[in-house]
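Below: one structure, written as structure tokens.
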Amino acid sequence: MIVLLAVAMGVSLGLVLQPTVPLDLQPYLPIAVVAALDALFGGVRAWLEAIFDDRVFVISFVGNVLVASLIVYVGDKLGVGGQLSTSIVVVLGIRIFSNAAAIRRRVFRA
Amino acid sequence: MTDPGTETGTGSLRRRLVRALLARPGRAQLGVAALCGLLAFALVTQVRTAASSGTFASARTDDLVSILADLSGRADRLRSQVADLQRNAALLSNGTTRDAAALAQARARAQTLGILTGTLAARGPGIVLMIEDPQLKIHSDALLNAIEELRDAGAEAMQVAGTGGVVRVVTSTAVGDQGSRVTVDGVALTAPLRLVAIGDPRTLATALGIPGGVVDTVDAAPGAHAIVTTSPAVSVTALRALAAPRYASPAPAPTP
């Protein structure tokens, strides 16, 4: 319940405040969002498998975001930021797909 | 979302979901909720940024560089294309003006030549010379004299009319006698003769009226009479077919 409330609040905050992303953060935000989505799908899967744990979710969420941002940062310093962010999106996309597949199997038994 | 029930049966999924939604928020749930809210906030922000800032604001430096290189290459190609097309346009417009000028020149030349060779009717100021000769005493020499005088005086187009026909007088016109009648280019003409010439009327009239000239000669013949009338507009309407030369052909222009 409180999670749904928080999501609604986040969406409305984003719509109402209309924040502009600082220029330094612009390359990292989309990657961070994708990493967080991955963590979210992992959490849903864990919950469906009844092995969900708050601590694990929080740590994986924050860790995912940090590691993804760090990789992009390092890539930017090395001059391969574009390629590295593409690779992160690909990897996280594959993980999201496999998690979604697990969730689907769990929910629809198919 | 802590779930006390550890049953994994999918049948109880709905029950678990309801229980999770109704569960009292604990401290652990707060963290999860905060993260999910943060995710939603970031997602909305990023979607808005990506939608509003166009393609380039979020692009990376090396991407921008390659895009810039692409664009400048394309601009170069387009610029050279523009130059080519402009050159073509200039060429074509030059060509058309030159063609138009040449066409106008050729047309004017054709008209001049048509009047000179007798293929075109002509009109302009000039004189009419009437020769009345009921006793048929006038012969070709008098008519030839009149034609020569008019030519000398600058007549540009002439025709001779008599009972028997109308003949355009051109460069190749021959005047002769056939019995007591005058022939012009083989056409026998009987008096009264009517000679029409286009040119400066005053000069032409003077040329015919000099003492001992055409008018005097004609008047001297018994019964004959010549009258010169100047007019601001006379017409030379007799035409002449142009025969292509059988033997003469244009000589190449002499090289200086």
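Residue numbering restarts at 1 for every chain, and letters A, B, ... go by the order of the sequence lines. Note: hydrogens, waters and symmetry copies are ignored here, and every other heavy atom, side chains too, is used.
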Taking every heavy atom of A/Val58 against every heavy atom of B/Gly31, the minimum-distance pair comes out as CG2-C, 4.3 Å
Pair count under 4.5 Å, heavy atoms only, with chain A: among B/Leu39, B/Leu38, B/Leu35, B/Thr45, highest is B/Leu35
Whatever's closer than 4.5 Å to a heavy atom in chain B on A/Asp76 counts as side chain
- Do other residues, nucleotides or ligands put more than 12 heavy atoms under 6.0 Å from B/Arg194 CZ? no
Per-residue tally against chain B (heavy atom, under 4.5 Å) across A/Gly43, A/Ala36, A/Ser12, A/Ala39 peaks at A/Ala36
If one checks every heavy atom of A/Leu37 against chain B at 4.5 Å, the contacting part turns out to be both
